[in-house]
Amino acid sequence: MVQRIEIARAMFSRGGHFSAEGVFALVNTEHSETSKATVYNTLKLFVDQGLVRQIHVDPERCVYDSMMAPHHHFQLLETGEMIDIGPEDLEFAKMPPLPPGTEIADVEVVIRLRRRA
């Protein structure tokens, strides 16, 4: 239980976007008692409980976002850094028709950026 509190403190006191490895490093700078398994299990619990959002930035990597208010992201491809985009800064002119019996639960946009050549 103490380890979960330390993980929450590390994430919520700073805010932002964290990889599981980043959370592991943050927590273990103060207490080297938290295992990677505990970090991954706690992050899954936080996602399941709606405390953080899991953002899949590519097929092999995800980050955890401690800001739960609706928003979108820029992702810098060279560094993996995520930058928040306010929902008021992105407009949709059209949404596709939804399959029968469904409704939109959430819309999350990740705009991937690279440096100009």
Side-chain angles (χ1 to χ4, degrees):
M1 182 68 143
V2 171
Q3 293 171 331
R4 286 183 185 166
I5 293 169
E6 290 299 320
I7 292 167
R9 185 174 307 157
M11 293 182 71
F12 297 117
S13 67
R14 290 170 179 79
H17 310 93
F18 303 93
S19 67
E21 293 292 326
V23 172
F24 176 74
L26 279 172
V27 171
N28 283 306
T29 56
E30 297 177 16
H31 306 286
S32 59
E33 304 160 358
T34 306
S35 70
K36 284 186 182 180
T38 298
V39 169
Y40 279 97
N41 290 335
T42 301
L43 289 172
K44 182 183 180 328
L45 175 70
F46 287 177
V47 169
D48 292 347
Q49 295 298 312
L51 299 173
V52 299
R53 293 172 25 168
Q54 185 178 33
I55 303 166
H56 294 276
V57 294
D58 64 46
E60 297 161 6
R61 194 170 67 91
C62 67
V63 295
Y64 298 87
D65 190 350
S66 60
M67 184 163 106
M68 292 303 295
H71 66 287
H72 309 285
H73 296 93
F74 287 122
Q75 178 193 13
L76 305 178
L77 292 175
E78 288 86 2
T79 64
E81 179 184 0
M82 304 292 287
I83 301 168
D84 291 339
I85 302 170
E88 68 280 358
D89 294 326
L90 187 64
E91 293 183 23
F92 294 96
K94 182 179 175 186
M95 295 292 282
L98 302 177
T102 65
E103 64 184 10
I104 296 173
D106 184 33
V107 175
E108 183 176 315
V109 175
V110 176
I111 300 171
R112 290 171 179 82
L113 306 174
R114 65 174 171 244
R115 297 214 182 268
R116 290 185 186 153

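Computed from a predicted structure; not experimentally measured.
- In this structure, the side chains of L51 and M11 stay at 4.5 Å or more apart for every pair of heavy atoms.
- Shortest non-hydrogen contact noted between T29 and L26 is OG1-O, 2.7 Å.
- By the side chain to side chain contact (heavy atoms under 4.5 Å, CB included) test, S19 is found to be paired with E21, residues two or more places apart in sequence or in another chain being considered.
- Other members of a hydrophobic cluster containing L45 are absent, since no ILVMFWY side chain comes under 4.5 Å of it, directly or through relayed contacts.
- By the 30° and 60° cut-offs, the orientation of the rings of F92 relative to H72 is perpendicular.
- Taking CZ from R9 and CZ from R14, the interatomic distance works out to 10.5 Å, rounded to the nearest 0.5 Å.
- Sorted by first and then second residue, the salt bridge (charged side-chain N to carboxylate O under 4.0 Å, His left out) pairs involving residues 39-52 (not counting sequence neighbours) are K44-D48.
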Would you give me the side-chain donor-acceptor pairs under 3.5 Å for residues 109-117, sequence neighbours excluded?
| from | atom 1 | to | atom 2 | distance (Å) |
| --- | --- | --- | --- | --- |
| R112 | NE | V57 | O | 3.4 |
| R112 | NE | Q75 | OE1 | 3.2 |
| R112 | NH2 | V57 | O | 3.1 |

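- Taken together through direct or relayed side-chain contacts under 4.5 Å among Ile, Leu, Val, Met, Phe, Trp and Tyr, V63 and F46 form parts of separate hydrophobic clusters.
- Side-chain contact between M82 and I55 is present, with at least one heavy-atom pair separated by less than 4.5 Å.
- For H73, the ring pair (Phe, Tyr, Trp, His ring centres under 6.0 Å) partners two or more places apart in sequence, or in a different chain, are H17, H71.
- Under the 4.5 Å side-chain heavy-atom criterion for grouping Ile, Leu, Val, Met, Phe, Trp and Tyr, L77 is not connected to I83 through any hydrophobic cluster.
- Among residue pairs with one or both ends in residues 88-99, none qualify as salt bridge (charged side-chain N to carboxylate O under 4.0 Å, His left out); sequence neighbours excluded.
- In terms of heavy-atom proximity, V39 sits nearest to A20 at CG1-O, 3.6 Å.
- In this structure M68 satisfies the side chain to side chain contact (heavy atoms under 4.5 Å, CB included) test together with R53, sequence neighbours excluded.
- For Q54, the side chain to side chain contact (heavy atoms under 4.5 Å, CB included) criterion is met by V47, H56, C62, Y64, not counting sequence neighbours.
- Atom CZ of F24 and atom OG1 of T34 lie 8.0 Å apart (nearest 0.5 Å).
- Partners of R61 by salt bridge (charged side-chain N to carboxylate O under 4.0 Å, His left out), not counting sequence neighbours, listed by chain and number: D58.
- Under the 4.5 Å side-chain criterion, counting only non-hydrogen atoms from C-beta, T38 is not in contact with E33.
- F18 is not listed as a side-chain neighbour of L43, based on a closest heavy-atom distance of 4.5 Å or more.
- Note: N41 CG to Q3 CD = 11.0 Å, rounded to the nearest 0.5 Å.
- No donor-acceptor distance shorter than 3.5 angstrom exists from the side chain of S66 to the backbone of V52, with no hydrogens or angles considered.
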